[in-house]
Amino acid sequence: MEFAILGPLEVRTRTGNRIRLGGARQERLLAALLLNPGGAVPVPRLVDAVWEDRPPATADRQVRNLAGLLRRAFRKADPTGPPVLLTDGRGYRIPLDDHGLDSRLFADTVARSRRTAAAGQQSAAAAGLRQALSLWRGPVLDGLDGQLIDAGAVPLDELRLTAWEDCLDLDAALGRHRASIPELTGLVADHPLRERFVGQLMRALHASGRTADALTVHRRFTGRLAEELGLDPSPELRRLHLALLTAGVDPQPGPGPAGAGPSSGPSAAGPRTASPRTAAPPTAGRPGGPADERAGTAPAAAAARGATDPVPGAEADAADGGPGPRPGVPVPVPVPAQLPPSLATFTGRDAELAALDTFAEAAATVGDRGPGPGPGSASAARICAVSGSAGIGKSALVVQWAHRVRGRFPGGQLYADLHGFSAEPPLKPHAVLARFLRALGVPGEQVPSVPEEAAALYRSMLADRRVLVVLDNARSAEQVRPLLPAAPACLTVVTSRAGLAGLTARDGARPLALDLMPAPDAVALLDRVIGARRARSEPAAVAELASVCGRLPLALAIAASRLAERPGRTVADHVAELRDSGNRLTALAIDDDAASAVRATLDLSYRTLPAAARTLFRLLALAPGSGLTAAAAAALCGERVAVVRPVLDQLATAHLLTHEGGDHYRLHDLLRLYAAERAAAETGRAVSTAARERLGDWYLHHADAAARLLTPHRRRIPLDPPGPWYEPPAFTTAAGAQRWCESEHGRLLGMVRAAAEHGPDALAWRLPVALWSYWFTSPHLDDREEAARLAVAAAVRAGDRSGEAQARNDLATALGALGRHDEMLCELRLARALFTSIGDRVGEGHTIGNLGDHCLGTGAYGQARLHFEGALTLFRAQPEERRDDWAIRVCETNIGVTAMLSGRVREADEYLHRALDRHRSGGDPVLESITLYHLGDHLRRLDRPAEAAVRLRQALAVLDGTTRNPRLRADVLAALVRLGEAADPPHARGPAGG
């Protein structure tokens, strides 16, 4: 289909047949979709477009009916064509990759023409802009009205006017002054307060020998501006007026030949003034047209444009006769002021603003004393590279700060968006140099065409000036380096999504990396946009909204603006919509500004990545939680760590991943959602499943390795060998294993949850069982119970009776730690029955021993002893290869505890000391620390406090040096306090003995 909105709404098939739409409501619906080209428009927005402020109760259903009618109309008109109207999340979109839209063609043609102009091809650029403007048949969506349509027309109308202005500037540069006067006269009449058209008409009249008429145009404009708006003309128009007055009094004819090239003398590149050009006699022009029409006004135009009107160079096109005679005009020294407006909603970032202030002060000190003697001594203070992920607020921060300090730079402020990460191709350094040079007063025809010469002229122009240069949205250090001033008094601030390490290493730049907004600043930004009163009425919802937006400034601004548009809506409702939305990234978009959507900004970063980095980025979404290690990332890819780590660093440099130090990396919430979206679109199901299984195997084998160190003699579940990509864990001690489990706790639980949801079930029950040695000493009792319940459910689904028995036994111990003894007893009975039915006598012994723990917890000490002795009998009866030594020692320790609680002193003393010797000789710090605690309690009961304190401090020494069992540590410290002992570090009381 071919859609046209630059005029009355029209739809035509590929063969040119026009499609008649079924009434105004269908037209409004289609108009709303076409004003958001390629993006999804949610149903509530479409309701607003169709009915404005008075929708019926059935509006949502009617919108869907209208969409269905449009689909049928399009299918009927072109049965073999690609789909036109797609359902997307909570709304609809038109995929414009398969269809045409005149507004998109217009924007693309304008952008291409501007690139052509930047490359110095003025005639081709002007022709391209004329071609783009010819697409307009009238006002946008002529015949349709409404707030949404009117708002959507504004950016297109503005782009049309700026394209017209650019085109007329190119015409002027090509010497087409007289021909443009009728067109400009009409444009000024239609847009009487459009200052750029006024200036263009004044220059065209002057170049055509009608300076008096040009001054009249100025007088009428200034009078109307003052009368209607109470404003004065801009500095640029005032400079142009002054230049024309000077030209009218003293034309200063000169002897230079027509069409002379750029001057090579010193005055052409002087740091303070641009040398005025003198015109040739009227007879010097090439025949073929009136001399006054061929006359150029480049010096006056350069003076008038200053910093805000960077028109391409004034070389004449051969078909138009080349530059002719031009009156000499003195040119004032331009002071560029190119900073874009700062954001009214800018909030927070106090630490970063202070860092930039410190940087500026250091630069000022260096600039005042001149370049230092060593390499980088001056430049290190003159360049700051601000980096961060898409939407993090780099540009907003730098522009806000630049406006604050602009008074320190009397030489002006230069600004360029380098399009490093945008829909437009990155700007070439030479194109930016040409803009800067023109802003500094160099006539367009005198800008060197050789990049090195342009860079040298640029440095010369800034040699004695204090100028602030802001280079926004840079792609690489190579793009930035030619734009760096050499003068010590100048300051350069670069923003980029890339780290620009080359600027730091080679050019001495100071890096400043932006992270997500702190939570209070994120809330303050929302308050500022939606209003403090509204925010104070729902403080919890506002804080939750900041969290849902990932504390990303762009997402916060979008969410706040959508709330501001709907004052009757609660913040809590908006949060619920974002949380319930099938695609939060779609909801975090501005209807009339698709380029500002969170997804669009992330797309630009993602598309610049190498293929390997894009693949890894997508796979990262499959990992549980927001962070992972390099080794876990390698498991996802099925590669060795040495292969994957450089790719992780590429993602971190692109700020699509945060390097948190060591081998740890993190994806913030919205990046994780985006990675999952890209994975769903670009990574096949088989690839994703294989990656999840590799990661699960990696966690399972690491958990098993940790268990072998924490409880070295306990029975293990059998595991299949890992793949060739697997590398053993870095930890080699019980303390290291404990630290790994603690650092990975959230991700281990997330892995269990993911396996329970997506499979495989074998992993969902094996991983919690392998983690029992960690759970046994962990303070995360609720997580331990959750993991055990998920394990039971997975084993039941898999029909694995052995797995179910072990999972139920582990669930019972988790319930016992929580003090829920009745539930514990129920699970133990089920587990024992399962172990008995499959003939697993060791497993049955575990459940019998745990029944003893249950009895201890309920005070049935005699019954507890019987269970422990029964379990011991089972364990000792097993063949050597199947014997569970660890379980035997646990039972012996527990018999000693039972004897102590029952008052059998000698038996308790014998069992506990024998158990302690066995734990120490077997290298089991978990059971050693537990037994030392019980010995301390035993000695306290015997009223031997000094000996009890020694044992308790020994327990602390083992805990602090190895397992760091937090629950047991708290019990030991409480016991020391009851003894009247200070819980000082063991070394303060002498070495641990015993």
Looking at residues at least two apart in the chain, or sitting in another chain, which of them share a ring pair (Phe, Tyr, Trp, His ring centres under 6.0 Å) with Tyr92?
none
Please list, chain by chain and in numerical order, all residues satisfying side chain to side chain contact (heavy atoms under 4.5 Å, CB included) with Arg694, sequence neighbours excluded.
Ala690, Ala691, Trp725
Return the minimal non-hydrogen interatomic distance between Ala559 and Cys549, and the atom names on each side.
CB-SG, 3.7 Å
If a pair satisfies side-chain hydrogen bond (donor to acceptor under 3.5 Å, both in side chains) and one of its residues is in residues 64-78, list it, with sequence neighbours excluded.
Arg14-Asp78, Arg71-Thr87
So, does Ser688 use its side chain to make a donor-acceptor pair with the main chain of Arg685 at under 3.5 Å?
no
pair Phe3-Ser103: side-chain heavy atoms closer than 4.5 Å
no
Excluding sequence neighbours, so at least two apart, what forms ring pair (Phe, Tyr, Trp, His ring centres under 6.0 Å) with Phe106?
Trp136
To the nearest 0.5 Å, tell me how far Asp521 CG sits from Glu352 CD.
8.0 Å
So, do Ile94 and Leu86 sit near enough that their side-chain heavy atoms are less than 4.5 Å apart?
no
Quick one: salt bridge (Lys or Arg N to Asp or Glu O under 4.0 Å) partners of Glu660, sequence neighbours excluded?
Arg666
With sequence neighbours left out, write down each residue that passes salt bridge (Lys or Arg N to Asp or Glu O under 4.0 Å) with Asp761, or none if nothing qualifies.
Arg797
Determine which pairs satisfy side-chain hydrogen bond (donor to acceptor under 3.5 Å, both in side chains) with at least one residue from residues 539-548, sequence neighbours left out, and list them in order.
Glu544-Arg579
CD-CD1 distance between Glu10 and Ile19, expressed to the nearest 0.5 angstrom
11.5 Å
Across all chains, not counting sequence neighbours, the salt bridge (Lys or Arg N to Asp or Glu O under 4.0 Å) partners of Arg93 are Asp88
State whether Glu158 and Arg160 are salt-bridged, where the test is any N-O pair (Lys NZ or Arg NE/NH1/NH2 against Asp/Glu carboxylate O) under 4.0 Å.
no
Can you say whether the rings of Tyr674 and Phe617 are parallel (under 30°), tilted (30 to 60°) or perpendicular (over 60°)?
tilted
Arg20: what forms a salt bridge (Lys or Arg N to Asp or Glu O under 4.0 Å) with it, not counting sequence neighbours?
none
Sequence-distant partners of His780, ring pair (Phe, Tyr, Trp, His ring centres under 6.0 Å), two or more places apart:
His745
Listing request: all salt bridge (charged side-chain N to carboxylate O under 4.0 Å, His left out) pairs with a residue in residues 746-760, at least two apart in sequence or in separate chains.
Glu744-Arg747, Arg753-Glu786
Which residue pairs pass the salt bridge (charged side-chain N to carboxylate O under 4.0 Å, His left out) test with at least one member in residues 25-44, sequence neighbours excluded?
Arg28-Asp145
